[in-house]
Number of protein chains: 2
Amino acid sequence: MTMQVEHSHTDTNTEEKIIAAARKVFLSKGFSGTRTRDIAEEAGINLALLNYYFRSKQKLFELVMQEKIQKLLGSLLPIFNNNATSLEDKIALIVDNYIEILSESPDLPIFVLNEIRKKNFQIVPKSDLGTVIMQSSFIKQLQERRTDINPVQFLLSILGMIIFPFVAKPLLDYNGLAKEDIFLSLMQERKKLIPVWADAILKSNDVTK
Amino acid sequence: MTMQVEHSHTDTNTEEKIIAAARKVFLSKGFSGTRTRDIAEEAGINLALLNYYFRSKQKLFELVMQEKIQKLLGSLLPIFNNNATSLEDKIALIVDNYIEILSESPDLPIFVLNEIRKKNFQIVPKSDLGTVIMQSSFIKQLQERRTDINPVQFLLSILGMIIFPFVAKPLLDYNGLAKEDIFLSLMQERKKLIPVWADAILKSNDVTK
DNA sequence: AAGTATTTTAATCAAATGATTAAATGGAAG
DNA sequence: CTTCCATTTAATCATTTGATTAAAATACTT
């Protein structure tokens with residue numbers, strides 16, 4: 001029964017090195033594919049240090065996941081809830097914001113989505129994000145504009161147009177459809193395309209009629 | 001140096017049981033997350049049999065991957081290359097076909113895309129799918145209709161609208177945005193929505209002007 | 001400088017895991 | 001029945017891997 005370990009002063013340096021390494025290796029190889037030794041090596045430290053700072057691989061992973069989920073979803077709500085912006089503004093902001101984030105971390109979505117799928121961690125969603133989104137200004141504006149469109153359907157399409165290319169990136173590489181170098185410029189181009197296309201969808205025929 | 005193992009008659013039964021089990025376990029847990037013992041148990045056989053029929057976990061995995069890539073991409077080309085159908089028809093066919101396939105295997109896309117990303121296998125793409133697609137009837141029709149739209153951009157949007165919901169399904173569950181039961185009916189609804197929305201995109205403003 | 005606490009390491013453990021081996025089982029052919 | 005061969009199994013190996021331990025090194029306080 002040892003007393004709780006505390007890292008008071010020198011804290012930041014090594015601990016942050018480990019987390020940074022964990023971010024990198026976990027993101028690239030996933031939970032099951034990552035060996036704690038990989039992380040230690042990447043951090044340039046001894047393996048035992050990893051278990052000294054964090055009690056286990058699992059704990060370290062959940063820390064990283066927490067961050068990644070936040071990074072993937074965190075910017076959405078503020079935009080969704082802003083009553084001062086129009087629907088078009090919100091869409092443009094989401095597109096712009098997401099493509100910027102994902103251009104820096106193309107693997108982020110597929111990593112997070114796949115790890116959630118495999119249930120390799122146990123993090124309880126803080127707020128009921130679903131409910132919060134469905135009550136957001138974005139959804140209300142959408143329902144006013146098009147009472148016939150299920151907001152979830154519209155949202156899935158917009159997010160799909162934004163996020164899917166990053167998820168499909170490995171396949172594009174694999175099949176030579178978008179070599180690494182032009183991929184990012186394609187994504188930049190999408191910043192202008194998606195808002196226009198979202199607008200076209202908002203003006204589309206009513207399917208229910 | 002033993003002679004090559006051949007399974008002449010009783011072949012089908014056990015071997016197929018193993019492959020079926022491998023499909024299931026690999027798809028659910030990914031390559032790194034899968035233990036050969038899991039597969040053996042799922043197949044109701046002894047672990048050694050697995051290495052008797054297939055030389056290794058790797059070999060078995062690549063067999064499954066081969067199938068899954070085919071399942072994910074195989075139906076695309078025939079539709080793309082059909083000169084007899086209009087652009088609208090092709091889109092409707094792709095939407096219909098994909099949503100049907102994915103409704104039965106919701107995990108298929110994220111599994112394939114993530115394993116490709118992690119390079120957990122070594123399968124050379126048979127045809128240069130990228131080139132074939134870019135020379136397909138679909139792309140030609142698209143370019144005739146809208147010279148200003150980069151076909152890859154359009155394709156990514158359509159596929160994103162179709163595939164992304166399945167990729168995001170774990171997150172929707174996780175956040176209570178689409179409970180399991182209504183998810184599939186949402187996807188059925190999308191069969192009608194996406195073609196209309198694709199059409200709206202085709203009629204959208206020219207961004208380059 | 002001594003003493004104390006913190007940080008880091010080398011060595012090792014125990015469990016998990018992919019793979020092999022040698023033996024057994026069972027059916028088909030003669 | 002017995003021989004033969006494909007199939008199946010139990011037992012075991014060797015390596016990998018997450019984790020621990022005890023000691024050494026370093027930093028901090030007085």
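The chains referred to below are lettered A, B, ... by the order of the sequence lines, with proteins before strands, and numbering in each begins at 1.
- Regarding contacts with the backbone of C:dT8, a side-chain N or O of A:T14 is found under 4.0 angstrom from either OP1 or OP2.
- Whole-Å rounding puts the A:Q58 CD to D:dT17 C1' distance at 15 Å.
- For A:Y52, a side-chain nitrogen or oxygen approaches OP1 or OP2 of C:dT7 to under 4.0 Å.
- Taking every heavy atom of residues 31-38 of chain A and every atom of DNA chain D, pairs under 4.0 Å involve A:T34, A:R35, A:T36, A:R37, by number.
- Of the residues in residues 42-50 of chain A, those placing a heavy atom less than 4.0 Å from an atom of DNA chain D are A:L47, A:A48, in numerical order.
- Aromatic ring centroids of A:F164 and B:F166 lie 6.0 Å or more apart.
- In this structure, A:K29 places its NZ atom 14 Å from P of D:dT16, rounding to the nearest Å.
- With hydrogens and angles disregarded, a donor-acceptor distance shorter than 3.5 Å links the side chain of B:N82 to the backbone of B:A84.
- Atom pair B:E41:CD and D:dT9:C1' shows a separation of 16 Å (rounding to whole Å applied).
- Spacing between atom NZ of B:K57 and atom P of C:dA16 amounts to 16 Å, rounded to whole angstrom units.
- Each of A:N83, A:L142, A:L87, A:T85 was checked for a side-chain contact (heavy atoms from CB on, under 4.5 Å) with A:S137, and the lone residue meeting it is A:N83.
- C:dT20 atom P lies 11 Å from atom NZ of B:K59, rounded to whole Å.
- In this structure, CD of B:E16 is placed 17 Å from C1' of D:dT7, rounded to the nearest angstrom.
- Atom CD1 of B:I18 and atom C1' of D:dT8 are 10 Å apart (whole Å).
- Remark: C1' of D:dT21 and CG of A:N51 are 12 Å apart, rounded to the nearest angstrom.
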CA sep, side-chain torsions, deciding dist, call: A:Q188, A:K191, side-chain hydrogen bond (donor to acceptor under 3.5 Å, both in side chains) | CA-CA 5 Å; A:Q188 288 302 315; A:K191 283 187 184 173; 3.1 Å; yes
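- Between B:F111 and B:F61, the ring planes are perpendicular. Angles over 60° get that label, and only those under 30° would be called parallel.
- Residues B:F121 and B:F31 keep their aromatic ring centres 6.0 Å or farther apart.
- Under the 30°/60° scheme for interplanar angles, the aromatic rings of B:W197 and A:F154 are found to stand perpendicular.
- Look at B:Y53 and you'll find a side-chain N or O under 4.0 angstrom from OP1 or OP2 of D:dT8.
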Do A:Q66 and A:Q70 pass the side-chain hydrogen bond (donor to acceptor under 3.5 Å, both in side chains) test, and can you show the C-alpha distance, the side-chain angles, and the key distance before you say yes or no?
-> CA-CA 6 Å; A:Q66 191 79 263; A:Q70 171 63 27; over 6 Å; no
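- Counting only residues at least two apart or in different chains, side-chain hydrogen bond (donor to acceptor under 3.5 Å, both in side chains) contacts with residues 153-173 of chain A comprise A:Q153-B:E189, A:Q153-B:R190, A:S157-B:R190, A:K169-A:E180.
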